[in-house]
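Down below is the structure, laid out as structure tokens.
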There are 2 protein chains.
Amino acid sequence: MVLLRQGMQHVRNYYNSEAQMIRNNFSRSTFISQTYKSSFLKQRSKADNKLLAAKKHSEAEKRRRMRINGQYDTLRDILPNLIKKDKASILVETIKQVKELKKKALKLEEDNHGTTKEVKFPSGVDKLNLEKCNDEKGLVKATLSCEDRPGLMSSIARALGSMKAKVVKVEMVTVGGRNRSVLWVQGVENEGLGMLKSTLKVVMHKPSFKMRRFTQ
Amino acid sequence: MVLLRQGMQHVRNYYNSEAQMIRNNFSRSTFISQTYKSSFLKQRSKADNKLLAAKKHSEAEKRRRMRINGQYDTLRDILPNLIKKDKASILVETIKQVKELKKKALKLEEDNHGTTKEVKFPSGVDKLNLEKCNDEKGLVKATLSCEDRPGLMSSIARALGSMKAKVVKVEMVTVGGRNRSVLWVQGVENEGLGMLKSTLKVVMHKPSFKMRRFTQ
DNA sequence: ATGTACACGTGACCC
DNA sequence: TGGGTCACGTGTACA
């Protein structure tokens, strides 16, 4: 009886060892009874060879098991908070950890290089975006891209100073006549958020002569 | 009996009905001749129970194997650049990845907090440092740490605006009443360097009644 | 022919 | 005592 199932990656052949074993035993015993007198020594050496091969085989299999189980042991060591020590649970937990670590590393990498490379340069079109940083309480990150002009930094500084919010961090980049500013503001309430936004929007699009009047 | 199997995701339980059939037939027939008169039903139920238990056992074991192998399959999926697909190699590679990712995540985290802690956070004592960035022409990096006060950003902005130099990038961090500002300025000549320095020094130490009112 | 890797069934052990 | 886990030896396929 043959069951055919096809594999995507690992196509292997499976057979039922039990039925096979039964068949083998049967054929073996009948065979021995038939050739007992004719080729005893040959049979014996054959049997010894078979036994030796079996021993080698089982030893190799044991080495394989030990190799695998050794890896399980090290996994048990490097995995923190491992409640269930059984193999399946170890693998499950390992997979979980790998996925988590991958995501974490990716995020950290993006955070690091993103703020230094891609996100940092000003956009060609004017933009204003406010977002809450959920990792800290009441911290809001405001990102704006606009045309650069003399006194832009002063304008932004004054706009921020006019609010009761506290500016924790500022990052401004000017290149090619465009400016990108990121402001981390703490202590803005929900209504203050809209005020901050409108204030920044005014600053972004304020004509230069107005700014000049303010700065002087 | 040959099973050609596919599939990591849809694992199903197969057992060999052929071997089972053979065994059943055999035990039943031998038994009939031996215990026909004494305890037919009892014997039969006993043998069947044993067989049933064995079957349950092997099926459970098969389920266990499948559970484990399923995890191996998902490991094969999420691990990149997996050359050797065998179990031991998978575990070895997994361990390697976990260690690497842990180290990487730790390093990135330290980098993040490191630049936010040691380099980025304001110094407790007032500092002013100018240095030329040799990687770009005429780019000067000015780093200053001083007491924070309302309008500090405006002051710095105005001071920079009063100079003909072009501010390429600004980074300001305020925490614990202290401020650290890093300014990347382009187009300052050698004499302008001293001017920039003295100007910033004035800004740093400018007394502010407003500040006093805030801090007390 | 030789070695490597896998699934299988089974005895043993532990809640 | 039954369900869950493990190690073991074995049969088989593949290179």
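Each chain gets a letter, A, B and so on, in the order the sequences are listed, and its residues count up from 1.
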Distance-only, no hydrogens or angles: does the R180(A) side chain make a donor-acceptor pair with backbone N or O of S123(A) under 3.5 Å? no
Please tabulate, for side-chain N and O atoms in residues 74-93 of chain A, each donor-acceptor pair with protein atoms closer than 3.5 Å (sequence neighbours left out).
from	atom 1	to	atom 2	distance (Å)
T74(A)	OG1	Q71(A)	O	2.9
R76(A)	NE	D73(A)	OD1	3.4
R76(A)	NH1	K85(A)	O	2.6
R76(A)	NH2	D73(A)	OD1	3.3
D86(A)	OD1	S89(A)	OG	2.4
D86(A)	OD2	A88(A)	N	3.1
D86(A)	OD2	S89(A)	N	3.4
K87(A)	NZ	N69(A)	OD1	3.1

Carefully, step by step, assess E61(A) and R64(A) under the rule salt bridge (charged side-chain N to carboxylate O under 4.0 Å, His left out). CA-CA 5 Å; E61(A) 181 64 15; R64(A) 173 177 168 271; 2.9 Å; yes
Can you find a donor-acceptor N/O pair under 3.5 angstrom joining the side chain of R65(A) to the base of dG9(D)? yes
In whole angstrom, what separates K85(B)'s NZ from dA5(C)'s C1'? 15 Å
Which whole-number value in Å describes the distance from I90(B) CD1 to dA5(C) P? 12 Å
Integer-rounded Å distance: dA5(C) P and E59(A) CD: 16 Å
Please say whether more than 12 non-hydrogen atoms of neighbouring residues, nucleotides or ligands are located less than 6.0 Å from NZ in K102(A). yes
Step by step, would you call K62(B) with E59(B) a salt bridge (charged side-chain N to carboxylate O under 4.0 Å, His left out)? CA-CA 5 Å; K62(B) 177 152 195 154; E59(B) 280 175 351; over 6 Å; no
For K56(A), answer base if it contacts any base atom (sugar-phosphate contacts may also be present), sugar-phosphate if it contacts only those atoms, and nothing otherwise; contact means non-hydrogen atoms under 4.0 Å. nothing
Look at the side chain of S58(A) and decide which nucleotide, out of dG9(D), dG9(C), dA7(D), has an atom nearest to it. dG9(D)
Rounded interatomic separation in angstrom, taking CZ from R63(A) and C1' from dG3(C): 10 Å
Between dA5(C) (P) and D86(B) (CG): distance, integer Å: 5 Å
Between CG on residue L144(B) and CG on residue D126(B), distance to nearest 0.5 Å: 9.0 Å
Checking all strands, does R67(A) fall into the base, sugar-phosphate, or nothing category for heavy-atom contacts under 4.0 angstrom? sugar-phosphate
Starting at CZ of R64(A) and ending at C1' of dT4(C), how long is that distance when rounded to a whole Å? 9 Å
For L51(B) and dG9(C), give me the distance from atom CG to atom P, rounded to whole Å. 12 Å
Whole angstrom value for the distance that separates C1' of dC8(C) from CD1 of I68(B): 14 Å
Can you tabulate the close N/O pairs, meaning under 3.5 Å, that link protein atoms to atoms of nucleotides 11-15 of chain C?
from	atom 1	to	atom 2	distance (Å)
dG11(C)	N7	H57(B)	NE2	3.4
dG11(C)	O6	H57(B)	NE2	2.8

